[in-house]
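These notes are about the structure you will find just below.
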Amino acid sequence: MAGTQDIRRRIRSVRNMQQITKAMKMVSAAKLRKAQLKLNAARPYARQLQGVLERLAQAPVDVLHPLLKKRPVQKVVYVLITSDGGLCGGYNANLIRKTSGLISESQQPVKLVTVGRKGRDFFRRGKIEFLAEYTKLGDNPSYNQAKEIAQEVVRLYEQGEADEVYILYTEFVSAMTQRPSQIKILPIEQPEGKQGKQYIFEPSAEDILNSLLPKYIETQIFRTILEGKASEQGARMTAMSSATDNAKTMIDKLSLAMNRARQAAITTEISEIVSGAASLE
């Protein structure tokens, strides 16, 4: 059994680690609240914009926008959104596992645009071709950062380097639940089934489409980045909460072991005293 001094040192070490994980949990909780507010503000706009574009796609006019044009799928691009840092539980691992599965199942060559250091570092070890990489977006990503990524994605599609573009990200459900997801952003799919109401577009469907389509790509990328940031902070808060609880459990076990070691030492000392006294009689 370890001595009391060794156990005391382990207790101090675990207690110091517990203070760190507790502080990280509180920081992540504060960042999560900010990320949730920003995400909740972005979601309705993104949904409404997608609805407008779906109605535009159904317009009974010949709209020949290059980002709507479908072509035989020979090249697929995944925009993978992970975090720059770690200590966030299975947030990155789950998304990377999903991405690896999709890549292995794909019948077409897959290329990557990575947002975040973790995804880039993992797939850099393989034979996947990288078209672009973006890191250090920070805890409060801006729309201009998403716009830069969207412009690169649009360029890849227009120049024929991608026939389909998917975003792989983590959807934020709650602080305890984050769901790896994927959405197809290019080309825009027309909704299935019967057409709904007919709309009159002013000045014209084509003019509106030319204006809104690039903004749609930017908005979708911005929303998924915000989803990822909220998911990252929620996963980190949960992971640090579990680490703090585990540290408390370990401290309790070590304290019990120290008390047992101290009791054993006292018992041994008493036995030695009694034995010594008996030998003098």
Side-chain angles (χ1 to χ4, degrees), residues 1-36 81-101 116-126 135-140 170-180 227-281:
M1 181 179 294
T4 56
Q5 291 297 328
D6 293 334
I7 297 175
R8 282 197 182 96
R9 280 195 292 269
R10 292 185 62 188
I11 290 176
R12 282 197 300 269
S13 176
V14 174
R15 187 170 285 121
N16 291 337
M17 187 63 67
Q18 183 186 36
Q19 292 175 350
I20 294 172
T21 56
K22 187 175 181 179
M24 292 183 67
K25 173 188 172 183
M26 296 174 65
V27 171
S28 296
K31 291 181 178 180
L32 175 60
R33 285 192 292 270
K34 293 181 180 178
Q36 278 187 275
I81 299 175
T82 57
S83 68
D84 285 320
L87 298 177
C88 46
Y91 167 74
N92 291 306
N94 293 335
L95 188 56
I96 288 173
R97 188 182 304 113
K98 179 180 178 67
T99 305
S100 299
R117 185 172 58 85
K118 289 296 182 178
R120 180 201 66 181
D121 292 349
F122 180 85
F123 286 103
R124 179 176 282 176
R125 297 192 292 262
T135 58
K136 300 181 181 179
L137 268 64
D139 294 322
N140 187 29
T170 303
E171 179 184 3
F172 178 78
V173 180
S174 67
M176 299 291 293
T177 306
Q178 302 86 33
R179 184 184 304 122
E227 294 268 6
K229 285 298 177 182
S231 299
E232 176 190 348
Q233 298 302 337
R236 182 172 288 116
M237 185 184 72
T238 303
M240 292 301 102
S241 177
S242 298
T244 302
D245 294 341
N246 292 339
K248 183 179 182 304
T249 302
M250 186 176 294
I251 289 172
D252 292 341
K253 290 181 178 180
L254 289 172
S255 298
L256 181 61
M258 184 181 69
N259 291 335
R260 287 176 175 173
R262 184 164 48 191
Q263 184 66 38
I266 293 173
T267 302
T268 301
E269 186 175 347
I270 292 175
S271 298
E272 291 175 353
I273 294 174
V274 172
S275 298
S279 64
L280 295 175
E281 292 180 356

Gap between atom [atom2] of [Y] and atom [atom1] of [X] - 0.5 Å precision:
| X | Y | atom1 | atom2 | result |
| --- | --- | --- | --- | --- |
| Ile81 | Glu227 | CD1 | CD | 9.5 Å |
| Asn246 | Met240 | CG | CE | 10.5 Å |
| Arg262 | Arg260 | CZ | CZ | 13.5 Å |
| Gln178 | Glu171 | CD | CD | 10.5 Å |
| Ile11 | Leu254 | CD1 | CG | 5.0 Å |
| Arg117 | Arg124 | CZ | CZ | 10.5 Å |

Which pair of heavy atoms, one from [X] and one from [Y], lies closest together, and at what distance?
| X | Y | answer |
| --- | --- | --- |
| Ile96 | Phe123 | O-CZ, 4.0 Å |
| Ile7 | Ala261 | CD1-CB, 4.4 Å |
| Cys88 | Ala239 | C-CB, 4.3 Å |

Given 3.5 Å as the limit, does a donor-acceptor pair link the side chain of [X] with the main chain of [Y], or not?
| X | Y | result |
| --- | --- | --- |
| Asn94 | Pro180 | no |
| Asp84 | Lys136 | yes |
| Ser83 | Lys118 | no |
| Arg236 | Gly86 | yes |
| Thr21 | Ala243 | no |

Non-hydrogen side-chain atoms of [X] and [Y] separated by less than 4.5 Å:
| X | Y | answer |
| --- | --- | --- |
| Met237 | Gln233 | no |
| Asp252 | Leu256 | no |
| Phe122 | Thr82 | no |
| Thr4 | Arg8 | yes |

Is Asp245 salt-bridged to Lys248, cutoff N-O under 4.0 Å?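 So Asp245 does not pair with Lys248 through a salt bridge.
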
side-chain contact (heavy atoms from CB on, under 4.5 Å) between Gln263 and Thr267, worked out: CA-CA 6 Å; Gln263 184 66 38; Thr267 302; 3.6 Å; yes

Is the count of non-hydrogen atoms from other residues, nucleotides or ligands lying under 6.0 Å from Lys25 atom NZ greater than 12?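 At most 12 heavy atoms, drawn from other residues, nucleotides or ligands, come within 6.0 Å of this atom.
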
Without placing hydrogens or testing angles, list every side-chain donor-acceptor pair under 3.5 Å for residues 26-36, not counting sequence neighbours.
| residue | atom | partner | partner atom | Å |
| --- | --- | --- | --- | --- |
| Ser28 | OG | Met24 | O | 3.0 |
| Lys31 | NZ | Asp139 | OD2 | 2.7 |

